[in-house]
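Only one structure is covered here, and it is reproduced in the block below.
Below, read A as the first sequence line, B as the second, and so on, with proteins coming before strands; counting in each chain starts at 1. Worth saying up front: this structure is predicted, and the values here are computed from it rather than measured.
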Amino acid sequence: MSGDAGLIPRLPKGFRDITAREILLREKMIETLGKVYRSFGFAPLETPMVEYLDNLGKYLPESDTPEGGVFAFKDDSSSWVALRYDLTAPLARYVAEHEKDLVLPFRRYQIGPVFRLEKPGPGRFREFYQCDFDTVGAATAAADAEVCCVLAEALEALGLAGNFNVRVNNRKILNGMAQAAGLGDNAESLDRASLIVLRAIDKLDRIGLKGVIELLGKGRKDESGDFTPGAGLSAEQISLFEQYLSASCDSRASVCDTLEKLVEKSATGLEGIAELRQIDEILTGAGYLEDRVLFDPMIVRGLAYYTGPVFEAQLTFEIDGEDGRLKQFGSVAGGGRYDSLVERFLGRKVPSTGASVGIDRLLAALIALKQFDSETSQPPVLVTAMDPSLMKHYHKLTNDLRKAGIPTEIYLGSGGFRKQMKYADQKNLPVAVICGEDEFKNGTVSIKDLYLGRELSKEIEDRAEWAGNRPAQMTVPTNELVETVKKILRNTPS
RNA sequence: GCUGAGGUAGCUUAGCUGGCUAAAGCGCUUGACUGUGGAUCAAGAGAUCAAGGGUUCGAAUCCCUUCCUCAGUACCA
């Protein structure tokens, strides 16, 4: 808020700076996820952050201006380009463009930032990381089942075993319900009422059964007084959906049985059930039981391009929010089958399925679980610069430590020795190496264990004892520097 | 997008029925301590009270506009 030069430094809305600790944790996560993806045969791919707007499918039909939700601009030839808003649309472009060279089914994973021009919220930013994996050109339920396996393995590799479940539903069943209720009999495009119904079901966990039923009927007014118009269904139609909504997710088989009765009049719906049964069979055979993968009729997942099974991974624990309230993490990954995405380019369907892990929320969860806490990188040892004329020597000491694999920095700031110690303390460094005139003359260095010193200071009241007796400090011959520092670091909890 | 609540030193806040030089804690700088972090003590720096306009003799305080933040809600590939 100062801006003395008249220019106010500020970050664009919805973006954030990410600092060391989080970056290191994220890199570790990415490494883990990549390893799991590769173990299933997915190969990494990188596409650029920018694509032509029409390739992403985000343009307004009448004008050539972009639809909301994307960062778009014109390039030097006045073509509209946009920052990618997910990794699936670029994949479709890639597959269509290199169709002839690819061996199908094509498996790839991609990890990187995506951008959405939306209202940011807590934990929701306009730039965030996605870790996608997809299988392109595989139409069978085996490919869908595998997506569930990858998600389960990925979350377990991150140390979340027992703290998550993967939930599966099928868009064909949802569409079948709409048909059974006499809403839209068009399996491809949904009418207005069906849209509202699907959105309402998606909100079940947030607004409750009552809220959903209000949305199926006339509409719903929320706490803030805002009114959302409903689908305007008849009492009869609503009661059909009520049965759907009260379906629990016991065993996968029983979910299929329950839903089958509700959609028995819809061919699409029955198709969806059949697919789920196949997925169940494969998962069960492969040892992915209900403790890891559930069938959940309430999963809807956006409304865009999904054509079959849809997936969502949820964390099942809660943590204390800053305000003391319990906070749920909710969905950390999602995906589904999309058989029509490549069709825009090639004119024929290319059956594809996959999912995306949202790194940022997962990272927050892992931090909350203290999963990674002690594994951040080693903070550096500080070589202090007491006597400027010995700078050469300090660089030599620094180098010796660095060559021994110990991260080491040399003090480069201004100010006296006292300030240097304070610097080391404030940065929470573990060790300070001290070499003044005296040490240098004797061919020694002094090494201070700052961690131990911090502990000792709790007992010491007296300044003379603290400063004068040099607690937690030892002087050794210069050639013992590396060994001594190593020994101290071994005993320092990080 | 809609509804509501807010923006006062780096941070957390007080002041808000208009009235001395806008207050405190934490943090920061310096010294006591000329080669030693913490603790203690002392001194100091730091705020166009979010921005712009209006009412008034006088505005952090009242009114309008914009921006930003927070909560809920809508949309969301």
Side-chain angles (χ1 to χ4, degrees), chain A residues 1-4 6 8 10-14 51 56-58 66-70 82 84-92 114-122 124 126 130 195-196 199-200 202-203 206-207 211 215 219-229 300-306 321-323 325 334-336 338 341 356 382 384-387 415-440 446-473 475:
Chain A
M1 262 169 255
S2 46
D4 289 346
I8 299 166
R10 58 194 198 120
L11 205 52
K13 185 193 178 85
E51 297 273 354
L56 288 179
K58 293 299 274 192
E67 202 178 324
V70 294
R84 64 188 181 200
Y85 54 82
D86 70 9
L87 298 174
T88 313
L91 172 64
V114 302
F115 305 84
R116 295 184 187 178
L117 188 49
E118 288 179 322
K119 179 187 168 181
R124 256 191 127 182
R126 288 179 168 179
Q130 285 198 333
L195 273 174
I196 295 176
R199 282 176 197 156
D202 203 25
K203 281 171 202 152
R206 240 186 323 138
I207 63 178
L215 280 176
R220 169 174 180 270
K221 195 192 284 190
D222 64 55
E223 302 152 37
S224 70
D226 202 18
F227 182 78
T228 312
V300 178
R301 281 265 99 204
L303 295 160
Y305 47 61
Y306 292 125
E322 299 102 51
D323 50 3
R325 278 193 300 187
Y338 50 99
L341 245 201
S356 187
L382 179 72
T384 55
M386 187 182 290
D387 183 345
F417 186 64
R418 191 175 144 75
K419 194 171 166 194
Q420 304 190 22
M421 290 305 292
K422 197 168 180 179
Y423 170 87
D425 188 47
Q426 285 177 327
K427 288 187 69 172
N428 225 297
L429 304 184
V431 172
V433 174
I434 302 161
C435 181
E437 215 182 329
D438 299 343
E439 285 92 344
F440 188 68
S446 293
I447 298 165
K448 198 171 183 86
D449 182 338
L450 295 174
Y451 174 79
L452 181 59
R454 275 185 272 264
E455 293 296 305
L456 293 176
S457 86
K458 290 170 190 161
E459 321 284 307
I460 300 175
E461 301 286 310
D462 175 46
R463 165 97 201 145
E465 187 185 347
W466 171 247
N469 289 354
R470 299 177 181 176
Q473 182 173 330
T475 300

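In this structure, A:I434 atom CD1 and B:rG37 atom C1' are separated by 10 Å, rounded to whole Å. Summarising the geometry, the separation between CD1 on A:I460 and P on B:rA39 is reported as 13 Å, rounded to the nearest angstrom.
Here, B:rA74 and B:rU65 have their P atoms 27 Å apart, quoted to the whole Å.
Side-chain atoms of A:E455 stay outside donor-acceptor range of the base of B:rG38, with no qualifying N/O pair under 3.5 Å. Taking 3.5 Å as the limit, the base of B:rC76 and the side chain of A:R199 contain no donor-acceptor pair of atoms between them. For B:rU40, the base has no donor-acceptor partner in the side chain of A:R463 [N/O atoms by modelled type, under 3.5 angstrom]. Side-chain N/O atoms of A:K119 and base N/O atoms of B:rU73 include a donor-acceptor pair closer than 3.5 Å. A donor-acceptor contact under 3.5 angstrom links the side-chain atoms of A:Q473 to the base of B:rU36.
Taking every side-chain heavy atom of A:M386 into account, B:rG35 is the closest of B:rG38, B:rU73, B:rG35. Out of B:rC76, B:rA77, B:rG35, the shortest distance to the side chain of A:R124 is found at B:rC76. When distances are taken from the side chain of A:D425 to each of B:rG37, B:rA74, B:rG35, the shortest belongs to B:rG37. With B:rU69, B:rA74, B:rC76 as the candidates, the nucleotide lying closest to the side chain of A:K203 is B:rA74.
The partner of B:rU21, taking Watson-Crick or G-U wobble pairs whose two distances both stay under 3.5 Å, does not exist in any strand shown. In a base pair of the Watson-Crick type (N1 to N3 plus N6-O4 or O6-N4) or a G-U wobble (N1-O2 and O6-N3), with each distance short of 3.5 Å, B:rA32 is matched with B:rU40.
Regarding contacts with the backbone of B:rC33, every side-chain N or O of A:R418 stays at 4.0 angstrom or more from both OP1 and OP2. Between A:K422 and B:rU29, a side-chain N or O to OP1/OP2 separation shorter than 4.0 Å is present.
B:rA77 has A:Y85 stacked on its base ring, the centres lying under 5.5 angstrom apart and the planes within 30 degrees of parallel.
Nearer the 5' end of RNA chain B, as judged by each residue's closest nucleotide, is the contact made by A:R206, out of A:R206 and A:Y306.
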